[in-house]
Amino acid sequence: MSDAQKIYQDDPKQRLISIFIGAVLLPSLALSYVAIDFVQRLAAGRKLSEIKRAEAEIYYIDKELSGTAQARAREAARVVGTETLVDGRPEVVRAALAAHGESEVKFESLHLEGPASLLIVRHQVEKARKGNGELPRELLTALESLDATEGEDSVPWIGEDGTRGTLRFKFACGYVHGQLIRDYFEHEWNNPEGTLVVRVTEPDGAVVYENAPTPDGRFEVKRTMESPSFKGLKLFLRYRDTSIEQEVNRWKTWTLCLIGFIDLMLGAGLYLIYSNVKRELHLSRLKSDFVANVSHELKTPLALIRLFAETLELGRVPGEQKAQQYYRVINKESQRLTQLINNILDFSRIEAGRKEYRLASADVGRIVADVVEAYRFQIEQQGFRLEVAIDDDLPRVTADKEALAQALLNLVNNALKYTRDEKFLRLEVARRGDDQVTVSVADHGIGVAKSEQKKIFEKFYRAEDSLVHETKGSGLGLSLVQHIMDAHGGSVEVESAPGRGSTFTLVMPAEADVRTPRPPSSGIEGDGGAAQPAAQEWH
Ligand code: ADP
């Protein structure tokens, strides 16, 4: 088996990473790739449809302009009347228009062609062809006049007298350029909020009209106008505040950002799942460590107790002093077992949600003093310098005395366990502000690294220090302390630096305005206070 395969099979973390990469990360990367590609295509399609929209816009402008021209021709035709239209000579039409107050030269031509006159011309052509094939002169002139209508615009027309025909007209260039186009764009064109910008130019590029300047001349679409009235004129169109390119790019950026955001969320979700599963794995490893630790912790005191009890039973003890020492060992080891079993029982009660606290008004100073006095001898026997400071005027707290004593004992126990050289222990009970009481346990031990100060309150967690691993422990003590403080509406604080010692502080809410007056003598500094029977022992 290759090394890589071995690592993969042995290390659950590696396996977890492989599962995540295979099951989630790679598919989501592939999805993102597809999504990005799709966005690119969509952007191209969007650009095309925007251009089509602009082209449709410019097409309608062209159509409307020619509609406007036809409407103007009809108006003029109505003003001059059928007879003048049938005559059709420009000077006659112009005179008629002038007679009606139209001084401006609007038309180069304006006349009416009736279907009747066309029929006559057609009939005469046929007659001439059937004869000698020569066309008479008048007919040629009539045909020429029909040809001369090239370049004119036309519109069906029904006069007020019922005359039907085709109205042919050609606007004067000056009128189209100077007024007709401007009138249309300024009064008829539907351009809400001026979002569209147009420019009309002559074929040589001279600007005829524009509704807003476009210095760089960058228009989205252009169109050469088809209707004879505007023949050769060019229409240009763009959007006022943005270009299609900019719009599409903006949309693309937003969509890509959205995909990026979704990826980010996915990544964050993945990380959360990963860290939770990792935590579970870690916890299960801690649990198996715990089982090993606890079995070891149970075996050692039991072996000692058995050994010394057997030695005593067989009467193989050299002297009374030795016997006393054996009794002390048996007592100490059985108390250590009691403490361990208490912690485990409490822990299982907490896990099962069955842990109950008997809360009642209590004097924290008294509880701490009792614990100190019960264990002073053994602390000092281990070579520790003990300092105790209890404030005189402490408020009372609502607490479960036993639980509080157990929390304190766990802290004291840890201080003793995790001190190497400078054996010092200080217990202090003080008021904090008006509404809190604190109990702190300080040592000059190995300390806890900043990165582990939160983790040590987790169940089963033991710091990565060699001394910690040489020392027996279940990793339950501080998680119990935390639970007890939570149940009291308080908290646990830790202040520590590796090699410099630690201070663990229990913070509890004080009962409102209930003080515990204490004579100065009961504040313990060094000695004094009644010894309590040892309920628990540290190891
Ligand atoms: P245990 O002591 O049984 O390991 P605890 O929950 O009481 O479990 O403590 C968790 C961890 O916190 C310990 O393993 C140790 O690494 C660290 N710790 C607790 N108290 C102290 C202390 N006073 N000084 C240094 N480290 C400590």
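Remember, it's 1-based here, ligands and their atoms both numbered in the order they're listed. The first residue in the sequence is number 1, and the count goes up from there. Since this is a predicted model, take the numbers as computed values, not measurements.
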Does an N or O from Ser479, backbone or side chain, lie closer than 3.5 Å to an N or O of ligand 1?
-> no
For Lys459 and ligand 1, answer yes if some heavy atom of the residue is under 4.0 Å from a ligand atom, otherwise no.
-> no
Short list, please: which atoms of ligand 1 are under 4.0 Å from a heavy atom of Leu476?
-> 6 (O), 8 (O)
Heavy-atom contacts with Arg462 under 4.0 Å: which atoms of ligand 1 show up? List them by number with element.
-> 1 (P), 4 (O), 14 (O)
Please determine if Ile446 has a nitrogen or oxygen closer than 3.5 Å to a nitrogen or oxygen of ligand 1.
-> no
Evaluate the side-chain proximity of Thr201 to Tyr209: yes if any heavy-atom separation is below 4.5 Å, no if none is.
-> no
Answer side chain, backbone, both or neither: which part of Glu452 comes under 4.0 Å from ligand 1, heavy atoms only.
-> neither
When only distance counts, is Val448 in polar contact with ligand 1, meaning an N/O pair under 3.5 Å?
-> no
Assess Phe457 for proximity to ligand 1: is some non-hydrogen atom of it under 4.0 Å away?
-> no
Top protein contact for atom 21 (C) of ligand 1, by heavy-atom distance | Tyr418 CD1, 3.5 Å
If you count the atoms of ligand 1 from 1 in the order shown, which ones are under 4.0 Å from a heavy atom of Tyr461?
-> 10 (C), 11 (C)
Gly475 heavy atoms within 4.0 Å reach ligand 1 at atoms 1 (P), 3 (O), 4 (O), 6 (O), 8 (O)
Should the proximity of Asn413 to ligand 1, defined as any heavy atom under 4.0 Å, be assigned to the side chain, the backbone, both, or neither?
-> neither
Ligand 1 atoms in contact with Lys417 (distance to a heavy atom under 4.0 Å) | 1 (P), 2 (O), 3 (O)
Hey, what's the ring geometry for Trp189 with Phe185, parallel, tilted or perpendicular (30° and 60° as the breaks)?
-> perpendicular
N/O of Ala463 under 3.5 Å from N/O of ligand 1, yes or no?
-> yes
Out of Val494, Thr503, Asn414, Asn343, indicate the one that has the non-hydrogen atom closest to atom 7 (O) of ligand 1.
-> Asn414
Between Gln436 (side chain) and Ala510 (backbone), is there a donor-acceptor pair under 3.5 Å?
-> no
Mind checking whether Gly445 has a heavy atom under 4.0 Å from ligand 1?
-> no
